[in-house]
Amino acid sequence: LKATPAVYGTAVYSQGVEGSNNTGNNTISFEIQQNRTLRSLVNGQYNSITNCPFSTGTVPLKEWTHIALVLHNNTWTHYINGVADGTATGSYPSGTVANTAYIGRIFHGSSRYADMKISDLRITSTALYTSTFTPPTERLTSTNDTLLLTCHLPYFTDGSSNNYTISVVGSSAVSERFGPYDYDPYTKAEYGGSVYFDGSGDYFHMDLGANGGPDGDFTIEFWVYNQS
């Protein structure tokens with residue numbers, strides 16, 4: 001897919017140096033743009049579109065949608081509800097400069113916050129999806145290759161073995177009963193919750209450490225209820 005100019009929106013997952021437009025190494029920003037298409041920054045300066053996948057399809061408003069970004073054999077692919085939409089050739093930006101991860105905002109700009117609900121955000125060190133797939137129908141769990149699992153319980157935590165410490169900014173809130181799965185009857189242990197970001201300063205972040213981020217193939221996936 002030919003890259004097109006970005007219509008800047010906000011990032012669901014963003015890993016970079018706060019306030020820096022020259023992103024350096026080890027940087028990813030997985031974004032829903034203002035026109036509700038997907039864009040993933042995977043290297044270089046923030047306003048660069050080189051080797052960045054874009055989708056042509058859009059994320060619907062006010063319905064749960066499964067989104068994934070997969071790196072497999074040096075090809076980036078977006079998936080919307082299990083269907084590939086947007087590819088680019090490249091590799092994971094190596095290095096250890098950008099080891100802070102943000103959920104609900106873009107790393108370099110503090111004025112573009114998410115207005116959405118996010119559930120089951122998981123990062124794994126394998127390419128889980130390489131062709132059309134059926135989105136998960138049960139809550140995601142941590143596996144041996146899980147690097148991060150959050151927005152999945154009725155409180156803020158990392159469910160991976162890394163157990164990253166999460167710092168909450170603003171009024172981000174957990175909505176226990178609202179999510180993409182069958183919630184009747186509801187139990188916290190089985191269904192957990194989703195996280196609500198109101199678009200006006202809510203986000204959370206975590207320090208991934210000196211070697212934060214995957215090395216090689218990986219998957220970022222989550223459910224999103226886009227509100228604007």
Side-chain angles (χ1 to χ4, degrees), residues 1-16 21-61 63-95 98 101-103 106-108 112 114 116 118-136 140 143 145-148 180 212-224 226:
L1 177 69
K2 183 179 179 181
T4 55
V7 183
Y8 295 128
T10 191
V12 175
Y13 177 86
S14 186
Q15 183 180 329
N21 191 46
N22 190 356
T23 60
N25 294 330
N26 205 18
T27 297
I28 283 182
S29 191
F30 191 3
E31 305 170 7
I32 299 176
Q33 302 183 101
Q34 290 177 357
N35 61 6
R36 295 188 282 116
T37 60
L38 299 177
R39 178 226 193 190
S40 292
L41 168 75
V42 294
N43 215 338
Q45 292 190 344
Y46 187 79
N47 58 3
S48 171
I49 59 175
T50 303
N51 295 331
C52 293
F54 289 79
S55 74
T56 55
T58 59
V59 178
L61 288 177
E63 65 179 73
W64 283 106
T65 305
H66 185 267
I67 305 294
L69 171 66
V70 179
L71 175 61
H72 179 59
N73 291 339
N74 291 328
T75 297
W76 302 89
T77 305
H78 287 139
Y79 290 89
I80 301 177
N81 281 332
V83 178
D85 190 339
T87 64
T89 301
S91 59
Y92 186 81
S94 61
Y102 299 87
I103 312 295
I106 293 170
F107 64 85
H108 86 86
R112 285 162 34 210
M116 61 187 67
I118 299 172
S119 184
D120 278 13
L121 190 151
R122 184 173 68 176
I123 302 177
T124 58
S125 59
T126 55
L128 295 180
Y129 312 117
T130 57
S131 60
T132 301
F133 64 93
T134 299
L140 299 183
T143 59
D145 56 7
T146 299
L147 303 176
L148 175 69
D215 182 13
D217 288 1
F218 78 101
T219 301
I220 301 176
E221 64 178 316
F222 53 88
W223 287 92
V224 62
N226 196 21

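Note: hydrogens, waters and symmetry copies are ignored here, and every other heavy atom, side chains too, is used.
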Where H78 and P53 come nearest, the two heavy atoms and their spacing: CE1-O, 3.1 Å

Got a second to check how far R39's CZ is from L69's CG, nearest 0.5 Å? 12.5 Å

Would H72 and T77 count as a side chain to side chain donor-acceptor pair (under 3.5 Å) here? Give the steps. CA-CA 8 Å; H72 179 59; T77 305; over 6 Å; no

So, for A84 and Y79, which heavy atoms are closest and what is the spacing to 0.1 Å? N-CD2, 3.4 Å

Ignoring hydrogens and geometry beyond distance, is a side-chain donor-acceptor pair present between T75 and N73 at under 3.5 Å? no

Once the angle between the rings of H66 and Y129 is folded into 0 to 90°, is it parallel (under 30°), tilted (30 to 60°) or perpendicular (over 60°)? perpendicular

Look up atom CD1 in I103 and atom CG in L148, then write down how far apart they are to the nearest 0.5 Å. 6.0 Å

Do W76 and F218 have ring centres separated by under 6.0 Å? yes

If you compare all heavy atoms of L38 against all heavy atoms of Q33, which two are closest, and at what distance to 0.1 Å? O-NE2, 4.0 Å

Interatomic distance, W223 atom CH2 to R122 atom CZ [nearest 0.5 angstrom]: 12.5 Å

With rounding to the nearest 0.5 Å, note down the distance linking CD in E63 to CG in N81. 7.5 Å

Heavy-atom nearest pair, I118 first then F222, reads CG2-CB, 4.3 Å

Pick out which of L128, T130, I123 makes a side chain to side chain contact (heavy atoms under 4.5 Å, CB included) with T219. L128

Approximate separation, where rounding is to 0.5 Å, of L71 CG and T126 OG1: 11.5 Å

Side-chain donor-acceptor pair under 3.5 Å between T89 and N74, yes or no? no

Which value, rounded to the nearest 0.5 Å, describes the distance between I67 atom CD1 and S55 atom OG? 8.0 Å

